[in-house]
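Heads up: the structure comes next, in structure tokens.
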Amino acid sequence: MSLTIYNTLTRTKEPFQTLTPNRVKMYCCGVTVYDYCHLGHARSYIVWDTVRRYLQWRGYAVEYVQNFTDIDDKILKRADVEQSSMQAVAEKYTAAYFEDLHRLNVRDADSYPLATKHIQEIQDLIADLETKGFAYAVDGDVYFRVRRFDEYGKLSKRNLEDLRAGAGERVEAADPDQIKKEDPFDFALWKAAKPGEPSWESPWGNGRPGWHIECSAMIQKQLGDTIDIHCGGGDLVFPHHENEIAQSECAHDRRPLSTYWMHNGMVKLSGEKMSKSLGNFITIRKLLDDYRDGNHQPIDPMTVRLFVLTAQYRKPMDFSDASITAAGQSWQTIKDGMLFGYEFGEKLGWDNLDPIRADTPATIAEVDRFRTAADDDFNFAEGLVVVFELAKELRKVGNIITHDSEQTADPMLLKDKWQTLIELAGVLGLEVNPDELKVQVSGLSDAEIESLLTERQIARANKDFATSDRIRAQLTEEKIVVIDKAGVPSTWYRG
RNA sequence: GGCGGCAUAGCCAAGUGGUAAGGCAGAGGUCUGCAAAACCUCCAUCCCCCAGUUCAAAUCUGGGUGCCGCCUCCA
């Protein structure tokens, strides 16, 4: 069995073959740092983080690079609004990016190149393209000569004729620089400085880089001419990634920029793509800090991860109150299973609570099922089936133990299953904190609870159900779950 | 208008020729004074529609319909 990846370039699933055995060079288009990240960004970076984790779990050494665009009109505009500088705005929202994505358990990339730190590489690349006839300068701007690259459009599956036919008059109207271009689809590599905006000296006069060129230059610098996987949001296929290909492959004698191109589907809100421009977005911090689901509960960061992972990464997905609530319920199930070992391991006589899985026939079978699913173009939704089944089985045993009944399953087999669950959930970036079990969710001490229960027991014996129900309501308020049994004392636990 | 993609139960969603995974929600039961929690059982004769290929199709082909994305900055 081997890993297959859906390649946007060929629109088919292909067997995964790396340039160098067991090594993966992976580049992900990062954000333009002019605002807080929203759920759409969260999906993208959770997906690529999980792909990276999975590749590592499969034994690949992954070199993962993700850029920040820190030169951009929107950042400048924001700086104006915030009475700040481009650099200050970029730094503010870069810091916010890390805060938000760390909460979602997205691991740091191996490096985070910045456009402003690669001005020399960008200029060298533009000069190279100019020398080779793929770029031309006009009044301090430099444009890429799209017609010189006969493969232009190979990623997005469109050709210049289609584009011209489709665009009609819109192309002309949009851009005042249009008249400078040889072809309406030529795009800017370098933009002449405008008064009051940050700029850098260059052979073409003061100016700043265009958007597309930074990725080409930084990939070349950080990872080399050809990489294994280039990924990003589906909305970047055209023109951004198409242009990256044009720039890099023309500069590098047509050597491919990336073997595989991967794109994640968009997050939708009320049927429409979540985006800044439409204004229908919900930021990660708003979702995690202020949002309440259908059960009036706050959203656990792991719920967001699970929500993202339940959909195939290429498909669009809808965010709604109902869908995030369902994800929250589902996460509770998985969490219960993952906490099982920490909660019951000792009672079951395990000699340690080490979550590292050992190879046993039982664990290997589950791991194989998971791997088979995920090897098919990272079908984590199907892999999640194994996670759910393990979690539900452990939760069931946990409940049997909690409710003081006989527990007959083999403790060592349970440990195998628990360790497998921890490992597979971990591959998906789903983690629990064992300390959660120690947290006093109730302000009441055990003694106080016992005392109230005794009082309640007396009331129940006297058939004073009004009093017993009042005490139970009080305990429920304190998140104490009471279980009544006939003939034996009531049991309780913190829920 | 051009290009690309998607349509599976109340909701999310897997399944890519061999007779519909999983999750959430829901129903019934066990338990309880009644609950709650948990457990057990049930929950798509059928995969947007119409034709076709095949012994066999949700899965392949053709034609519709609907929805979405990109074509401007966008994860």
Side-chain angles (χ1 to χ4, degrees), chain A residues 8 11 13 28-32 34 37-48 69 72-74 153 156-159 161-168 170-171 173-175 185 211 231-240 242 263-268 271-278 281 294 306-307 310-312 314-318 320 322-334 373 376 379 381-389 391-392 395-396 398-400 402-403 405 460-461 463-465 468-469 472-473 475-476 481-486 490-493 495:
Chain A
T8 305
R11 309 286 161 123
K13 285 182 191 171
C28 177
C29 279
V31 286
T32 300
Y34 73 99
C37 288
H38 58 62
L39 227 200
H41 301 110
R43 180 183 192 190
S44 193
Y45 300 116
I46 286 171
V47 163
W48 305 126
T69 297
D72 181 84
D73 287 338
K74 288 185 173 173
S156 57
K157 303 286 178 246
R158 44 189 109 188
N159 56 54
E161 282 61 47
D162 285 344
L163 286 167
R164 288 197 186 91
R170 294 167 63 186
V171 174
D175 185 355
F185 289 96
W211 176 39
C231 55
D235 51 355
L236 298 182
V237 173
F238 188 90
H240 186 54
E242 198 69 74
H263 295 94
N264 65 276
M266 300 293 100
V267 176
K268 299 190 294 174
E272 270 189 318
K273 176 185 166 187
M274 186 178 284
S275 72
K276 291 285 170 56
S277 40
L278 288 170
F281 60 90
L306 185 61
F307 170 72
T310 51
Q312 214 284 341
R314 284 187 277 117
K315 284 193 175 182
M317 68 188 303
D318 252 301
S320 68
S323 58
I324 198 69
T325 303
Q329 302 274 43
S330 300
W331 168 239
Q332 189 61 48
T333 299
I334 293 174
D376 179 14
N379 193 340
E382 202 183 348
L384 231 21
V385 169
V386 180
V387 171
F388 271 112
E389 288 181 0
K392 283 200 131 181
R395 181 176 69 169
K396 175 176 157 182
N399 282 315
I400 291 171
T402 299
H403 294 196
S405 305
R460 289 179 71 216
K463 304 235 187 284
D464 178 6
F465 296 123
S468 80
D469 288 350
R472 185 170 63 196
L475 289 165
T476 303
V481 178
V482 180
I483 301 142
D484 291 334
K485 292 269 184 189
S490 300
T491 55
W492 62 274
Y493 63 91

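A quick note: this is a predicted structure, and the numbers were derived from the prediction, not measured. Throughout, protein chains are lettered first and strands after them, A, B, ... in sequence-line order, and every chain is numbered starting at 1.
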So does [X] reach the base of [N] with its side chain, donor to acceptor, closer than 3.5 Å?
| X | N | answer |
| --- | --- | --- |
| A:Asp318 | B:rC12 | no |
| A:Ser156 | B:rG4 | no |
| A:Arg460 | B:rC34 | no |
| A:Arg472 | B:rA36 | no |
| A:Lys74 | B:rC73 | yes |

Next item on the list: Please figure out whether A:Thr310 or A:Thr333 has its closest RNA chain B nucleotide nearer the 5' end.
Entry: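 That would be A:Thr310.
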Note to self: Heavy-atom nearest nucleotide on RNA chain B for A:Ala326 versus A:Gly30: which residue maps closer to 5'?
What the structure shows: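 That would be A:Ala326.
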Once you apply a heavy-atom cut-off of 4.0 Å, does [X] come out as touching a base, just sugar-phosphate, or nothing?
| X | answer |
| --- | --- |
| A:Gly398 | nothing |
| A:Val237 | nothing |
| A:Ala322 | nothing |
| A:Asp376 | sugar-phosphate |
| A:Gly271 | sugar-phosphate |
| A:Phe307 | nothing |
| A:Ser277 | base |
| A:Lys273 | base |
| A:Asp469 | base |

Nearest-Å distance, [atom1] ([X]) to [atom2] ([N])?
| X | N | atom1 | atom2 | result |
| --- | --- | --- | --- | --- |
| A:Ile483 | B:rA36 | CD1 | C1' | 9 Å |
| A:Lys268 | B:rC70 | NZ | P | 11 Å |
| A:Trp331 | B:rA13 | CH2 | C1' | 19 Å |
| A:Leu278 | B:rU72 | CG | P | 16 Å |
| A:Asp235 | B:rG4 | CG | C1' | 14 Å |
| A:Arg11 | B:rC6 | CZ | P | 10 Å |
| A:Met274 | B:rG69 | CE | P | 13 Å |
| A:Lys157 | B:rG4 | NZ | P | 9 Å |

Next item on the list: Could you label the plane-to-plane angle of the A:His41 and A:His38 rings as parallel, tilted or perpendicular, counting under 30° as parallel and over 60° as perpendicular?
Entry: tilted
Note to self: Are B:rG33 and A:Phe465 stacked, with the base six-membered ring and the side-chain ring centres under 5.5 Å apart and planes under 30°?
What the structure shows: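 So A:Phe465 counts as stacking on the base.
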Next item on the list: Write down the distance separating the C1' atoms in B:rU45 and B:rA9, rounded off to the nearest Å.
Entry: 13 Å
Note to self: If I pick the C1' atom on B:rA13 and the same atom on B:rG17, what distance separates them, to the nearest angstrom?
What the structure shows: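 Taking atom C1' in both B:rG17 and B:rA13, they lie 22 Å apart.
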Reckon [X] has a side-chain N or O less than 4.0 Å from the OP1 or OP2 of [N]?
| X | N | value |
| --- | --- | --- |
| A:Lys315 | B:rA14 | yes |
| A:Gln329 | B:rA25 | yes |
| A:Lys392 | B:rC39 | no |

Notebook entry, point to check: If you look at every heavy atom in A:Arg43 and A:Ala311, which pair is closest and at what distance?
Noted result: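 Heavy-atom minimum between the residues: NH2-CB, 4.1 Å.
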Next item on the list: Could you tell me which non-hydrogen atom of A:Met274 sits nearest to which non-hydrogen atom of A:Leu39, and how far apart they are?
Entry: SD-CB, 3.6 Å
Next item on the list: Check whether any side-chain N or O of A:Asp376 sits under 3.5 Å from a backbone N or O of A:Asn379 as a donor-acceptor pair, and report yes or no.
Entry: no
